[in-house]
Amino acid sequence: MGSKKRVAVSACLAGHNCRYNAEPKGNPEVIKKLEKEGCEIVLFCPEDACFGTPREAMDLTATSEGVKALTKFSREDRTGPIVDYAEKFFDDNPEIDLFVGKARSPSCGVCTGRLYDEEGNLLSEKEAGIMTAEAKARGIKTVDDESL
Ligand code: SF4
């Protein structure tokens, strides 16, 4: 008997109220599809784990030190804790076959994250979030929920 496909999924897609504004925004179709395929679903939410809910929203920002996740108004750099969470998550779950991230999230977006410069000008809408970048660096296949 073959082993189940293990899929890491942004917890908000499963209906967890872990978004920055504590408003639910699940994607039941994605969860149903994965369940129907018999996948093992492993949920994650770096931002809730690191900063709690609700919390200030963040933007991916191009800085002189690379892409950072900065809070929208107080401009606090929240990159480090998200990277630490992502490294631990993938270390603890080494056999992930697929990563399904919430589209447009600065942590979990796959190719839909918005990147701004330090003056707030939009540079791109095709970026990977901070947690997604770690998945990609480990060679894990990644997809936005809206593209699954
Ligand atoms: S997109 Fe990612 S960080 Fe944001 S609420 Fe969903 S799981 Fe958490």
Side-chain angles (χ1 to χ4, degrees), residues 4-37 39-63 65-116 118 120 122-148:
K4 276 187 175 185
K5 186 171 167 185
R6 296 192 88 201
V7 185
V9 179
S10 293
C12 54
L13 298 174
H16 289 213
N17 284 3
C18 49
R19 295 182 68 239
Y20 72 96
N21 57 6
E23 283 180 12
K25 204 171 188 178
N27 188 335
E29 295 307 315
V30 160
I31 302 299
K32 256 186 254 162
K33 180 174 166 34
L34 294 172
E35 283 174 350
K36 209 168 156 192
E37 289 172 7
C39 299
E40 179 186 344
I41 296 173
V42 187
L43 299 177
F44 60 85
C45 179
E47 294 184 32
D48 181 58
C50 297
F51 314 115
T53 302
R55 58 189 170 273
E56 191 177 345
M58 308 183 314
D59 286 327
L60 285 179
T61 307
T63 74
E65 290 166 16
V67 173
K68 303 284 183 191
L70 303 185
T71 50
K72 221 175 227 319
F73 303 108
S74 56
R75 310 308 280 164
E76 189 184 315
D77 182 359
R78 295 198 152 171
T79 316
I82 299 171
V83 170
D84 291 347
Y85 174 95
E87 288 177 352
K88 185 169 186 318
F89 176 83
F90 293 116
D91 285 348
D92 290 347
N93 298 280
E95 287 173 13
I96 297 292
D97 301 298
L98 176 67
F99 173 102
V100 181
K102 169 86 181 74
R104 290 176 294 282
S105 157
S107 293
C108 304
V110 171
C111 49
T112 49
R114 297 190 183 107
L115 176 68
Y116 297 87
E118 290 185 279
L122 184 64
L123 300 177
S124 161
E125 294 181 286
K126 296 184 174 173
E127 303 303 309
I130 303 291
M131 176 133 181
T132 312
E134 182 62 27
K136 286 178 182 248
R138 294 180 184 228
I140 298 168
K141 190 175 166 209
T142 57
V143 64
D144 277 310
D145 67 300
E146 294 174 1
S147 304
L148 191 72

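Both ligands and their constituent atoms are indexed starting at 1 by order of listing. We count residues from 1, following the sequence as given.
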**Item:** Ring centers of Phe90, Phe44 separated by less than 6.0 Å
**Value:**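 Ring-ring flag for Phe90/Phe44: false, centres at least 6.0 Å apart.
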
For [X], counting its heavy atoms only, list the atoms of ligand 1 lying under 4.0 Å from any of them.
| X | answer |
| --- | --- |
| Cys108 | 1 (S), 2 (Fe), 3 (S), 7 (S) |
| Ala11 | 7 (S) |
| Lys102 | 1 (S) |
| Arg19 | 5 (S) |
| Cys18 | 5 (S) |

**Message:** I'd like to know if the side chain of Thr61 reaches the main chain of Asp59, judged simply by a donor and an acceptor atom lying under 3.5 Å from each other, with no hydrogens or angles considered.
**Reply:** yes

**Stepwise side chain to side chain contact (heavy atoms under 4.5 Å, CB included) test for Asp145 and Ser10** = CA-CA 9 Å; Asp145 67 300; Ser10 293; over 6 Å; no

**Trace of the side chain to side chain contact (heavy atoms under 4.5 Å, CB included) decision for Lys141 with Val143** = CA-CA 7 Å; Lys141 190 175 166 209; Val143 64; over 6 Å; no

**Message:** When you measure from the heavy atoms of Phe44 to every atom of ligand 1, does any distance fall below 4.0 Å?
**Reply:**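 Checking ligand 1 against Phe44, which is what was asked, there is a heavy-atom contact under 4.0 Å.
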
**Prompt:** Closer than 4.0 angstrom: is that true for some heavy atom of Arg55 and an atom of ligand 1?
**Reply:** yes

**Request:** Please step through side chain to side chain contact (heavy atoms under 4.5 Å, CB included) for the pair Leu98 and Ile96, ending with a clear verdict.
**Result:** CA-CA 6 Å; Leu98 176 67; Ile96 297 292; 5.6 Å; no

**Prompt:** Can you tell me if an N/O/S atom from Cys12 lies under 2.8 Å from atom 6 (Fe) of ligand 1?
**Reply:** yes

**Message:** Let me confirm one number: the SG-NZ distance from Cys108 to Lys102, rounded to the nearest 0.5 Å.
**Reply:**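 Output value for this atom pair is 9.5 Å.
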
**Asked** Closest non-hydrogen protein atom to atom 8 (Fe) of ligand 1, residue and atom name please, with distance?
**Response**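 Sorting protein heavy atoms by distance from atom 8 (Fe) of ligand 1 puts Cys45 SG, 2.3 Å first.
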
**Message:** If the condition is side chain to side chain donor-acceptor pair (under 3.5 Å), which residues does Ser124 pass it with, not counting sequence neighbours?
**Reply:** Glu127

